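This is a predicted model, so every value here is computed, not measured. Nothing fancy with the numbering, it's 1 onward along the sequence. For the numbers below, each heavy atom of this structure counts, side chains included, while hydrogens, waters and symmetry mates do not.
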Amino acid sequence: MDKSTLAIIVPCFNELDMLPQTNERLGALLGGMMRDGIVSDDSYILYVDDGSRDGTWQLIEGYVGSHVRGLKLAGNVGHQNALMAGLETANVDADVTITIDADLQDDINVIPEMIRKFDAGNDIVYGVRRKREHDSFSKRTSARLFYKLMEDMGAKTIDNHADFRLMSSRAVSALCDYEERNLFLRGLVPQIGYQSDVVYYDRLSREAGESKYPFSKMLSFAIDGVTSFSVKPLNLIFYLGTIFLLISLAILVYVIVSLCRGNGVQGWASLMLSIWFVGGCLLICLSIIAVYIGRIYTEGKHRPRYHIEKYVK
């Protein structure tokens, strides 16, 4: 049986410090897999430069050879769009793709196991973290809250799975049928429905460079995930309005009883607090609605997700 051609897709954004280690380790792994007959000799690593400003692309061009390719995007389009650019480009000549971040905190040593599961008939293999001991307390907590929130919102996701995954060529083709611009691949891929499996690994610490996902980006990513796959926040507004109505009726009863007893209290504190509280809740509700309208506005324009400036191999 002919061995499959593997493309390892690595999105890069300002990875000048980390990329030399990444290329050395991935190159050694891929070379060993080709020698052992796990993948074909046509397999390669595809680095996707997502508008880096620190010389990352110059490094990538220097690595380009028989088993390394480089894809330069015209500007920074975001991690998810960079992944899609790599997947769509590699799907032309690769039988199977694996996406992994350039920091290599995801354990590359499980990649051969992913290939074995693919050979066993799985179109998608998810890399799932056993534990996150190298993450900060805030990141571990926010990650747990994120997956719990996505579950409560009804989105189909894989717990403790990021974007380290294997996909067959037909799975990537199916993913390309999803045309939305607000990409959340962790939610889209499970919707494809093809046979899948998981491999477990321990998440490693970052060896060089800085994390590209500070709290603000993680929060924005969570909002994208929720609003892309659930309308429950809109339903919650109805329940919130019902609660306000019940509270207002209770206050009305209290005021009537107080007036009948002659215990009416002159003052503005309770009134002002109520106005500020209800006003704040109304602004939150309007903000939730505005996010969904913004998504509709973005999708309605049908703008391209990315533009390719250069592809070298």
Side-chain angles (χ1 to χ4, degrees), residues 7-11 13 46 48 50 71 73 76-92 94-101 106 114 117-118 122-129 143 145-199 212-213 217-234 291-292 294-306 308:
I8 302 177
I9 300 168
V10 187
F13 177 66
L46 174 60
V48 182
D50 185 22
L71 183 69
L73 303 181
N76 178 251
V77 296
H79 181 263
Q80 300 292 282
N81 285 317
L83 282 176
M84 278 302 301
L87 287 168
E88 291 178 331
T89 301
N91 204 42
V92 173
D95 301 308
V96 57
T97 57
I98 291 178
T99 54
I100 187 170
D101 289 342
D106 299 318
M114 285 180 159
K117 289 182 180 288
F118 165 72
N122 293 285
D123 284 283
I124 303 170
V125 182
Y126 301 99
V128 177
R129 302 161 183 170
L145 290 173
F146 170 74
Y147 288 111
K148 183 65 170 64
L149 176 63
M150 292 301 295
E151 180 182 349
D152 292 341
M153 291 293 107
K156 186 177 180 181
T157 58
I158 307 299
D159 193 30
N160 275 326
H161 163 70
D163 289 301
F164 181 32
R165 71 178 72 87
L166 173 149
M167 297 182 69
S168 68
S169 178
R170 75 164 185 163
V172 174
S173 296
L175 178 63
C176 293
D177 290 337
Y178 292 83
E179 298 180 351
E180 58 248 53
R181 271 49 188 164
N182 299 298
L183 285 175
F184 183 68
L185 296 179
R186 300 178 197 185
L188 282 178
V189 174
Q191 287 195 352
I192 294 174
Y194 291 154
Q195 183 173 329
S196 64
D197 204 342
V198 301
V199 297
K212 305 305 183 297
Y213 264 87
K217 279 194 174 182
M218 290 177 63
L219 180 61
S220 176
F221 193 57
I223 293 173
D224 286 343
V226 171
T227 56
S228 294
F229 288 91
S230 177
V231 295
K232 284 190 176 181
L234 295 175
V291 169
Y292 280 93
R295 300 291 181 221
I296 297 170
Y297 174 69
T298 302
E299 296 295 337
K301 290 184 289 187
H302 296 291
R303 290 179 178 174
R305 295 184 180 125
Y306 60 86
I308 295 174

Rounded to the nearest 0.5 Å, what separates atom [atom1] in [X] from atom [atom2] in [Y]?
| X | Y | atom1 | atom2 | result |
| --- | --- | --- | --- | --- |
| I124 | R170 | CD1 | CZ | 9.0 Å |
| N122 | Y194 | CG | OH | 14.0 Å |
| R305 | E180 | CZ | CD | 7.0 Å |

A side-chain contact here means heavy atoms from C-beta on lying under 4.5 Å apart; do [X] and [Y] qualify?
| X | Y | value |
| --- | --- | --- |
| K117 | L166 | no |
| R129 | D106 | yes |
| L73 | I308 | yes |

Does a donor on one side chain and an acceptor on the other come within less than 3.5 Å for N91 and S169?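 Yes, side-chain donor-acceptor contact under 3.5 Å.
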Residues two or more places apart in sequence or in another chain: which of them pass ring pair (Phe, Tyr, Trp, His ring centres under 6.0 Å) with F118?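 Partners of F118 under the ring pair (Phe, Tyr, Trp, His ring centres under 6.0 Å) test: none.
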Evaluate the criterion side chain to side chain contact (heavy atoms under 4.5 Å, CB included) for residue pair M84 and Y178; output intermediate values, then yes/no. CA-CA 11 Å; M84 278 302 301; Y178 292 83; over 6 Å; no
Where is the tightest heavy-atom contact between [X] and [Y], given as atom of each residue plus distance?
| X | Y | value |
| --- | --- | --- |
| P190 | Y126 | CA-OH, 3.4 Å |
| C176 | E88 | SG-CG, 3.5 Å |
| V77 | N81 | O-ND2, 2.9 Å |
| A90 | I9 | CB-CD1, 4.0 Å |
| R186 | A162 | CG-O, 3.3 Å |
| A171 | D123 | CB-O, 4.0 Å |

Heavy-atom donor-acceptor pair, R165 side chain to V128 backbone, under 3.5 Å: no
Short side-chain to backbone donor-acceptor contact, T99 and D163, under 3.5 Å: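 Yes.
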Should L183 and L83 be marked as a side chain to side chain contact (heavy atoms under 4.5 Å, CB included) after you check the CA-CA gap, both sets of side-chain angles, and the distance that decides it? CA-CA 10 Å; L183 285 175; L83 282 176; over 6 Å; no
Using side chain to side chain contact (heavy atoms under 4.5 Å, CB included), reason through D50 and Y306 one step at a time and then give a plain yes or no. CA-CA 10 Å; D50 185 22; Y306 60 86; over 6 Å; no
Considering residues at least two apart in sequence or located in another chain, which fulfil the side chain to side chain contact (heavy atoms under 4.5 Å, CB included) criterion with D101?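 So D101 forms a side chain to side chain contact (heavy atoms under 4.5 Å, CB included) with P11, H79, D103.
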